[in-house]
K.L.:
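After the structure tokens below, expect a handful of questions from me.
Just so you know, residue 1 is the first one in the sequence shown, and it goes up from there.
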Amino acid sequence: MKSVTVKDLVERFSLEILAGHSELHRPITKTKAHRPGLEFVGYFEYFPQAHVQLLGRKEITYLHKLSENERNLHIGNIVKYHPPCFVVTRNQEGLKYLKKYCEEERIPLLRTSAPTSKFQDLVDLFLSKSLAQEIAVHGVCVNVSGIGILLRGKSGVGKSETAHTLIRRGHRLVADDIVVLKKISPETLLGTHNGKTKEFLALRSVGLINVSRLYGRKAFQDETRIVLDIELTKWQEHALNNDLELEPTFTDYMDISIPHIEIQLQPGRDVAGLIEAAANSWYLRQQGYSAAEEFMQRLQSDTD
């Protein structure tokens, strides 16, 4: 099971450590932070104890209004489940009783100045990416006009050279050679680099280039949602390459189906231009438009 540590959370969001300094190695294995509400009134049947526990203004204000005995009872009931950590938002004060229990139970107590809802969104996003199921595939990942594309093909077919042409046209590199795919949700596939290859593009006969240094920061981005899987293949003389209404095909990555397109390569072919056209066509289909359907309707109207 994938995990991050409380220390990773502290470093990512520059959190203040109020208690449990020696327990920052504790693992976090669940993707969403939890705001304890019913737990403060004694209902623990569905308490997600393995989640980060978030204490906003509502929770802290409620605790402040309790008597000392009531407060100790409610907090004591929660800390005995040993969640990974507590995070107090909005730099709220008066947390002596929380510190006491967290020190006794060796649970990190952290604090941030961020508003509760904003911090929860950021933590959930960070954890969903960090804990996501992932695989590595051989290929190139690019963002073309805001559309994430995975370019695949045999070694030497021209994936990196095609990506270079796209970058020169104003599009962005995400990863070359090794593309890390992360399953963020049942329908969302994120493409990113493995860290080592960040910003680098390997071009045959030229070598490694740093696209950010060569073409500016806009030539690279860290990640993109993958919506098209394009396979570059060698030209086949007798293959049918001009069907107007091809049956849609898909490639599955971790049970997520991504539309698949095959582009055959031939000297003089504007492959980068074809990829741009495929990206724009995909976008139009999301808006409900299909050029093939419109063409068939025109043919039908001529026969009526």
Side-chain angles (χ1 to χ4, degrees), residues 1-20 23-40 43-63 75 78-79 81-92 95 98 102 107-135 141 143 146 148 174-175 180-195 221-227 253-256 258:
M1 179 182 293
K2 294 183 67 177
S3 68
V4 297
T5 65
V6 174
K7 183 179 180 181
D8 294 328
L9 198 68
V10 169
E11 293 176 349
R12 175 64 180 82
F13 296 104
S14 301
L15 302 178
E16 180 184 2
I17 306 170
L18 302 178
E23 298 300 315
L24 298 184
H25 62 276
R26 291 168 66 96
I28 301 171
T29 59
K30 300 298 183 180
T31 59
K32 292 186 178 294
H34 173 68
R35 296 182 67 175
L38 290 174
E39 292 80 12
F40 281 139
Y43 185 78
F44 287 91
E45 187 169 350
Y46 297 103
F47 178 43
Q49 63 193 69
H51 294 243
V52 172
Q53 303 299 311
L54 201 57
L55 302 177
R57 182 178 291 168
K58 179 174 63 176
E59 292 80 15
I60 296 299
T61 300
Y62 171 76
L63 290 175
I75 296 172
I78 289 181
V79 298
Y81 285 92
H82 290 90
C85 64
F86 290 95
V87 183
V88 177
T89 60
R90 293 183 176 274
N91 271 343
Q92 295 177 91
L95 306 176
L98 268 177
C102 286
I107 301 172
L109 175 62
L110 315 170
R111 183 163 61 184
T112 177
S113 61
T116 310
S117 58
K118 180 180 179 181
F119 182 75
Q120 185 167 16
D121 289 343
L122 292 173
V123 167
D124 288 350
L125 181 61
F126 168 71
L127 292 177
S128 67
K129 291 181 180 179
S130 300
L131 302 178
Q133 179 185 355
E134 66 179 51
I135 59 173
C141 182
N143 184 283
V174 176
V180 178
L181 301 178
K182 295 188 175 186
K183 184 178 181 179
I184 302 301
S185 76
E187 298 177 349
T188 305
L189 190 68
L190 198 70
T192 186
H193 52 82
N194 65 358
Q221 68 181 61
D222 266 315
E223 58 190 29
T224 187
R225 181 188 175 190
I226 302 294
V227 298
Y253 296 103
M254 295 174 288
D255 296 324
I256 298 178
I258 303 297

K.L.:
Please identify each residue that fulfils ring pair (Phe, Tyr, Trp, His ring centres under 6.0 Å) with Y43, with sequence neighbours left out.
P.N.:
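Result, ring pair (Phe, Tyr, Trp, His ring centres under 6.0 Å) vs Y43: none returned.
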K.L.:
Apply salt bridge (charged side-chain N to carboxylate O under 4.0 Å, His left out) to E23 and list each qualifying residue two or more places apart in sequence or on a separate chain.
P.N.:
R106
K.L.:
Please list, chain by chain and in numerical order, all residues satisfying ring pair (Phe, Tyr, Trp, His ring centres under 6.0 Å) with Y253, sequence neighbours excluded.
P.N.:
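Checked Y253 against ring pair (Phe, Tyr, Trp, His ring centres under 6.0 Å); zero matches.
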K.L.:
Tell me, please, which residues at least two apart from R35 pass salt bridge (charged side-chain N to carboxylate O under 4.0 Å, His left out).
P.N.:
E59
K.L.:
Residues two or more places apart in sequence or in another chain: which of them pass ring pair (Phe, Tyr, Trp, His ring centres under 6.0 Å) with Y62?
P.N.:
none
K.L.:
With a cut-off of 3.5 Å and sequence neighbours excluded, list every side-chain donor-acceptor pair involving residues 181-189.
P.N.:
| residue | atom | partner | partner atom | Å |
| --- | --- | --- | --- | --- |
| K182 | NZ | K129 | O | 3.3 |
| K183 | NZ | M254 | O | 3.1 |
| S185 | OG | E187 | N | 3.3 |
| S185 | OG | T188 | N | 3.1 |
| S185 | OG | T188 | OG1 | 2.9 |

K.L.:
Check residues 49-58 and write down every donor-acceptor pair under 3.5 Å in which the side-chain atom is one partner and the other belongs to a residue at least two apart or another chain.
P.N.:
| residue | atom | partner | partner atom | Å |
| --- | --- | --- | --- | --- |
| H51 | ND1 | K32 | O | 2.5 |
| Q53 | NE2 | P48 | O | 3.2 |
| Q53 | NE2 | H51 | O | 2.9 |

K.L.:
Scan the side chains in residues 4-11 for donor-acceptor partners under 3.5 Å anywhere in the protein, sequence neighbours excluded, and list what turns up.
P.N.:
| residue | atom | partner | partner atom | Å |
| --- | --- | --- | --- | --- |
| T5 | OG1 | K7 | N | 3.4 |
| T5 | OG1 | D8 | N | 3.2 |
| T5 | OG1 | D8 | OD2 | 3.2 |
| D8 | OD2 | T5 | N | 2.9 |

K.L.:
Apply ring pair (Phe, Tyr, Trp, His ring centres under 6.0 Å) to F40 and list each qualifying residue two or more places apart in sequence or on a separate chain.
P.N.:
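Listed in chain order: nothing, the list is empty.
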K.L.:
Tell me, please, which residues at least two apart from T31 pass side chain to side chain donor-acceptor pair (under 3.5 Å).
P.N.:
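With sequence neighbours excluded, T31 shows a side chain to side chain donor-acceptor pair (under 3.5 Å) to no residue whatsoever.
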K.L.:
By the salt bridge (Lys or Arg N to Asp or Glu O under 4.0 Å) test, which pairs, at least two apart or in different chains, include something from residues 111-123?
P.N.:
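Those involving residues 111-123 are E16-R111, E93-R111.
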K.L.:
Could you tell me which residues satisfy side chain to side chain contact (heavy atoms under 4.5 Å, CB included) with V79, sequence neighbours excluded, listed by chain and number?
P.N.:
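With neighbours one apart ignored, the set is I75, F86, Y101, E105, I107.
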